[in-house]
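This report concerns only the one structure given below.
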Amino acid sequence: MSRAAERLKLLIHHLDRPPAALSAAPTSGQTFTHSHSHQLRYTFDTGLLTPEQRLSYEENGFILIKNLVSENDIDKFRQEFERICRQEVKVPGLVVMRDVAISKSEFIPDQKAVSKIQDFQEDPELFQYCTLPQILKYVECFTGPNIMAMHTMLINKPPDAGKKTSRHPMHQDLHYFSFRPADRIVCAWTAMEKVSRQNGCLVVLPGTHTGTLQEHDYPEWEGGVNKMYHGVRGYNPQHPRVHLEMEKGDTVFFHPLLIHGSGMNQTQGFRKAISCHYASADCYYIDVKGTTQENIEKEVKEIANKKYAMGDQITLKDTWALRGRLVQGVRTSL
Ligand SMILES: CCCCCCCCCCCCCCCCC(=O)SCCNC(=O)CCNC(=O)[C@H](O)C(C)(C)COP(=O)(O)OP(=O)(O)OC[C@H]1O[C@@H](n2cnc3c(N)ncnc32)[C@H](O)[C@@H]1OP(=O)(O)O
Ligand SMILES: Nc1ncnc2c1ncn2[C@@H]1O[C@H](COP(=O)(O)OP(=O)(O)OP(=O)(O)O)[C@@H](O)[C@H]1O
Ligand SMILES: O=C(O)CCC(=O)C(=O)O
Ligand SMILES: [Fe+2]
Ligand SMILES: [Mg+2]
């Protein structure tokens with residue numbers, strides 16, 4: 001068993017005991033009642049998750065499901081990604097990112113230049129990932145029945161060029177989102193091949209989803225940081241970390257407040273993963289003016305402007321409303 005799997009087993013075992021909040025000493029004058037149902041704020045009972053799985057997500061903010069996506073589907077996604085890199089297909093709205101360490105080098109029309117593609121909602125082949133029934137069944141446990149696919153990515157983490165720029169700093173995805181409530185948002189992230197500590201697997205801080213949205217900014221990394229790779233300012237480095245080592249097809253679902261990142265890719269291969277952020281269509285947009293999210297709104301506006309000449313009127317909210325796609329139920333609000 002891998003170290004990550006052992007750690008997960010320990011965590012699940014730990015959940016046999018009441019969650020920390022329940023075992024805390026009652027404050028003076030209060031009677032302490034033991035109520036499990038009252039405790040489940042992050043998940044719905046659709047008959048899919050076992051009580052252990054629900055408790056695990058409630059307490060840790062993520063759940064790993066092994067072998068959820070077939071090899072055949074993943075191979076199709078990989079082939080489409082390669083076609084996009086070779087510029088054989090053109091996808092409207094797609095954002096292509098190259099690692100900052102190689103962005104100034106000569107253009108190579110190959111996957112070697114591409115570290116991430118975002119917003120593939122107009123690519124029918126890749127968007128199939130977001131509509132896979134076995135994924136949506138899990139998503140529904142967190143969002144409820146009306147489901148929007150809000151953000152799509154295929155991450156092709158390159159071999160580190162020697163400057164550690166292949167790392168993704170510790171962050172909360174909610175920093176990028178201008179819709180709420182956070183508890184009705186979930187990310188599905190599927191390994192397209194074996195991901196390990198060597199090639200830069202996800203690293204999560206279990207339980208941090210119960211906190212609030214932290215201030216994010218560029219980390220002070222000597223070798224440079226990729227565009228928009230903001231990190232949590234001053235998270236507790238002592239907090240226990242879990243490395244999510246996964247096999248091809250394994251899928252992790254995680255809460256948008258869960259602090260996570262990924263380590264550097266110390267192999268010669270490109271570590272691939274595909275992901276989608278889902279939200280309940282019943283969520284509502286917020287104005288991020290005057291919040292810690294102003295800095296990311298500014299950057300997204302600049303990119304949207306450059307890409308679509310949108311003018312200054314565009315807000316973070318508009319960029320999300322344009323990209324979101326209904327995948328189940330009714331488009332009620334988003
Ligand atoms: C309908 C509106 C849509 C608007 C789209 C907005 C984008 C979406 C953002 C939403 C984020 C949600 C994410 C949630 C999950 C968390 C994350 O994933 S965080 C990290 C996300 N990263 C990004 O979103 C980066 C998006 N990438 C880009 O926008 C582009 O790839 C780019 C970095 C702007 C570069 O694109 P492009 O302009 O086509 O590239 P060049 O012409 O080659 O370079 C221009 C300029 O930029 C420098 N550069 C290139 N790559 C990088 C890089 N990785 N990091 C930093 N800088 C980079 C390059 O060197 C050039 O610089 P110069 O000084 O002008 O020469
Ligand atoms: N100086 C830093 N500031 C913020 N985040 C960091 C820093 N260094 C690493 N990280 C982040 O911490 C996480 C783990 O990084 P790291 O590369 O150290 O892990 P690892 O290689 O998986 O672990 P180890 O080196 O212990 O085997 C990643 O998300 C990475 O981006
Ligand atoms: O695949 C990875 O390295 C993690 C990326 C990530 O967390 C993100 O883009 O939000
Ligand atoms: Fe993330
Ligand atoms: Mg390391």
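Both counts, for ligands and for their atoms, begin at 1 and track the order of listing.
Under the 3.5 Å distance criterion, with hydrogens and angles disregarded, a donor-acceptor pair is assigned to the side chains of T43 and E58. Checking D173 against H260 by side-chain atom types alone, a donor-acceptor pair falls below 3.5 Å. Counted by atom type alone, T251 and T190 present one or more donor-acceptor pairs between their side chains at under 3.5 Å.
Checking K157, R271, H168 against atom 1 (O) of ligand 3, the nearest heavy atom belongs to R271. Among M97, H171, M170, Q118, the residue whose heavy atom lies closest to atom 10 (O) of ligand 3 is H171.
When distances to the Fe ion (ligand 4) are checked against a cut-off of 2.8 Å, H260 contributes an N, O or S atom below that limit. None of the N, O or S atoms belonging to C187 lies under 2.8 Å away from the Fe ion (ligand 4).
Here is the list of ligand 3 atoms found below 4.0 Å of a heavy atom in L202: 2 (C), 4 (C). In the vicinity of M153, heavy-atom distances shorter than 4.0 Å reach the ligand 3 atoms 8 (C), 9 (O), 10 (O). Listed by number with element, the atoms of ligand 3 under 4.0 angstrom from any heavy atom of S262 are 2 (C), 3 (O). Within the listing of ligand 3, atoms 7 (O) sit less than 4.0 angstrom from a heavy atom of H260.
Looking at K76 and E125, no side-chain N of the basic residue comes within less than 4.0 Å of a carboxylate O on the acidic one, giving no salt bridge.
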Exercise for the section: Given salt bridge (charged side-chain N to carboxylate O under 4.0 Å, His left out), test K194 with E247 step by step and report yes or no. Expected result: CA-CA 4 Å; K194 188 181 167 69; E247 300 295 329; 3.1 Å; yes
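Note: no N/O pair closer than 3.5 Å links H277 and ligand 3 by distance alone.
The CG atom of L126 lies 11.0 Å from the CD atom of Q121; values are rounded to the nearest 0.5 Å. To the nearest 0.5 angstrom, T319 atom OG1 is 13.0 Å from Y176 atom OH.
The shortest separation from a heavy atom of W189 to ligand 3 is under 4.0 Å, placing the residue in contact.
The nearest N/O/S atom of D173 to the Fe ion (ligand 4) is OD1.
Looking at L334 and W320, their side chains never come closer than 4.5 Å, going by heavy atoms from C-beta outward.
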